[in-house]
Asker: 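Let me give you the structure first, and then I'll get to my questions.
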Amino acid sequence: MTMAACPVPEHVFGEQVGEERLIIRGTTLGDVFLEAARGLRELYGELDRPADDPKWRTIEVTAETRADLLVEWLNELIYLAESGHWVPTTLVVEAALPTCFRARARGVRVAGAPSQIKAATFHDLRFDFHDGLFEAEVTLDV
Amino acid sequence: MSNATLAAAKPLSPWLHEIPVTAAPGMRVPARVFADEVLWEKMRQDRSIEQLLNVATLPGVEEAVYAMPDAHEGYGFPVGGVAAMRMDDGVISPGGVGYDINCGVRLLMSELTVPDLTGRLESLVHDLSRSIPSGGYANPHMRLNAAELDRVLKEGSRYLVERGLATAEDLEHTEAAGSLTEADPLAVSSKARERGHDQLGTIGSGNHFVEVEVVDEVFDPAAAAVYGVTAGRVGVLIHTGSRGLGHQVCTDYVRLMGGVMARHGIVLPDRQLACAPLSSPEGQHYLRAMAAAANFAWANRQTITATVRDVFTRALGPAGRLRLVYDVAHNMAKLEDYDGRRLCVHRKGATRAFGPSHRDTPLAYRGVGQPVFIPGSMGTASYVLAGTDEALRASFGSACHGAGRALSRHMAKRTVTGSEVREQLEAKGIVVRCPSNAELAEEGPHAYKDVDRVVSVVHEAGLARKVARLRPIGVLKG
């Protein structure tokens, strides 16, 4: 799946027989993380609903590399969706570093925890920077 | 996968190809692929064989690694991959088990025939869909407190006997009696517990299902009689696993093992093969956490069984009684003995298939072999097979676990719509309940390989032998 003609930030889904392949592009690290959350939300079918939870909460993840950080971020969102029946829809970046990402979030309560995505994996994980753009690929277990 | 590597593959029989240890750098054992020419070509088109060769590089891998006839590309291990590791110098890999620890299948059989359901099938499937939470829904009737969850994790299905949701016969007819003794609830993180505490008795999403089946054809009357699988009788097939709890256990330990590998100097071609020496504290911790998640999965299928039984007897009276034929796991690493060698056998998308003389085959099925279930896709046949003693030597006592995906979910949705799948199934007289048309399209028969061909290879290769074919008449999709 090519992203050459896409505006940034943007995400698309690649072809993988067994799982979901999420491909994200952005001009900043923060863009990539927010767009990854948007991709997950699309898989959850919660792309268009505005936040209905008045409370802001902080989500923070750390890892040794930016690629691992992306996996941590997605896994944290998956955990929050399934354990708390909550999907963040409004995110404000507070810190976007190669080893730490922190955002404030408001979101929507979901009646059934979105459970079709089990986890973000390290399989063929990629997080590159070239020509002024970050591009990442991550496989989601379905 | 390069053509040169594939050219090195030698057919050992019409159903078995071997790729020698010299085919790729770092391979420690050969790779063996059970497939006829059509399935072999399918596997060559994705990355399943490349992933199998990666598995052959794992430390302490014994004898050979195997791809079952339904194998397809996954991550780390291919789905349909089998590998056995030595206890002293081998590793245990969460990626070799998968996220859905102890995803598995069980078959229940009744004395009912299709005419008994005339005019009742629609409402029966509807009642099942109302009574068994699917998709992301939790089970409002089974929220476990911490002590109860500990007991599920420690004891699996055994705990449910006490709660009146399982019988002694159910345990006898479940692999490992539905309870792995290695399980330690303390090895399971609080995050995993939070994800699982309200999910016992739920199907989940994806390819998970509860199906009402009719026995369409019997191939081995003697074995079918022992299993209680009679032509024309109605049964129920249940396919699900350890839900969010198991997924989180895998996430937690894949992360942990990244650091462990560096300490032990283990370098792998795919990070999702993350592993730890079986002899290391981290390896042992994962084994105990995985066993706890496996116990949760057995308890999950057993809880669903209790609900299905309740729905059937409410609708049909005593004639609706359902007997558990067997329950098999297909995502697991288990400690097993082979000619005096204790090995940790990883099966990812593969089913244990022990034969008539194996001591772990339930007493009732000795002389026949343990039942093996190979579900097709919605609208296609599922099969009951019997494990063989030959499989112990051929594949570490393993057979396949399903038809195997052929199309990605996006391609499946582009090929046909969910409403078209629904119409096709209804035209065959199959009652369908599924929360979304999109999932129906993703999981339709067009997205899977030909289950008849897959089963034929399993049978011809001697991994398990065909006993009966089931035809779906009611489908409840996750």
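Numbered from 1 within each chain, the chains take letters A, B, ... in sequence-line order.
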Asker: Testing B:L58, B:V91, B:T57 one by one against B:I266 for a side-chain contact (heavy atoms from CB on, under 4.5 Å), which residue passes?
Answerer: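 Running side-chain contact (heavy atoms from CB on, under 4.5 Å) over B:L58, B:V91, B:T57 with B:I266 returns exactly one hit, B:V91.
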Asker: Tell me, side chain or backbone of A:E64 under 4.5 Å from chain B's heavy atoms, or both, or neither?
Answerer: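 For A:E64, neither part sits under 4.5 Å from chain B.
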Asker: Identify whether the distance between the nearest side-chain nitrogen and carboxylate oxygen of A:E19 and B:R409 falls below 4.0 Å.
Answerer: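 Here A:E19 does not pair with B:R409 in a salt bridge, since their nearest N and O are not under 4.0 Å apart.
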Asker: Dump the intermediate steps for ring-ring contact (aromatic ring centres under 6.0 Å, His included) on B:H330 and B:H239, then the final yes or no.
Answerer: CA-CA 10 Å; B:H330 55 223; B:H239 175 211; 5.2 Å; yes
Asker: Among B:K413, B:K477, B:H410, find the one that has a side chain to side chain donor-acceptor pair (under 3.5 Å) with B:E442.
Answerer: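 Exactly one candidate clears the test, B:K413.
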Asker: Determine whether the aromatic ring centres of B:Y99 and B:Y75 lie less than 6.0 Å apart.
Answerer: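 Yes, the ring centres sit under 6.0 Å apart.
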Asker: Of the listed residues (B:V254, B:L273, B:N207, B:L407), which shares the most heavy-atom pairs with chain A below a 4.5 Å separation?
Answerer: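 That would be B:L407.
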Asker: Is there any residue in residues 85-107 of chain A with a non-hydrogen atom under 4.5 Å from a non-hydrogen atom of chain B, and which ones are they?
Answerer: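 Those residues of residues 85-107 of chain A which have a heavy atom under 4.5 Å from chain B are A:H85.
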Asker: Salt bridge or not between A:R126 and A:E135? Use side-chain N to carboxylate O under 4.0 Å.
Answerer: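 Salt bridge between A:R126 and A:E135, a charged N being under 4.0 Å from a carboxylate O: yes.
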Asker: Heavy-atom cut-off 4.5 Å, strictly under: side chain, backbone, both or neither for A:A120 against chain B?
Answerer: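 Contact with chain B: backbone only.
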Asker: Can you tell me how far apart CD (B:Q272) and CD (B:Q51) are? Round to the nearest 0.5 Å.
Answerer: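 If we round to the nearest 0.5 Å, B:Q272:CD and B:Q51:CD are 10.5 Å apart.
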Asker: Where the side chain of B:H401 meets the backbone of B:G349, is there a donor-acceptor pair that is under 3.5 Å apart?
Answerer: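 Here the side-chain-to-backbone pair exists.
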Asker: Flag the one option from B:G244, B:G206, B:A138, B:A274 with the top tally of heavy-atom pairs under 4.5 Å to chain A.
Answerer: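 When all of B:G244, B:G206, B:A138, B:A274 are compared, B:G244 has the most.
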Asker: Does a side-chain N-to-carboxylate-O contact under 4.0 Å join B:R47 and B:D270?
Answerer: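 Not counted as a salt bridge, because no side-chain N and carboxylate O are separated by less than 4.0 Å.
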Asker: Quick one: of B:R195, B:Q248, B:E73, who has the most non-hydrogen atom pairs under 4.5 Å with chain A?
Answerer: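 Winner by heavy-atom pair count: B:R195.
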Asker: By a 4.5 Å heavy-atom criterion (distance strictly below it), what part of B:A406 contacts chain A: side chain, backbone, both, or neither?
Answerer: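 When you check distances to chain A, only backbone atoms of B:A406 fall under 4.5 Å.
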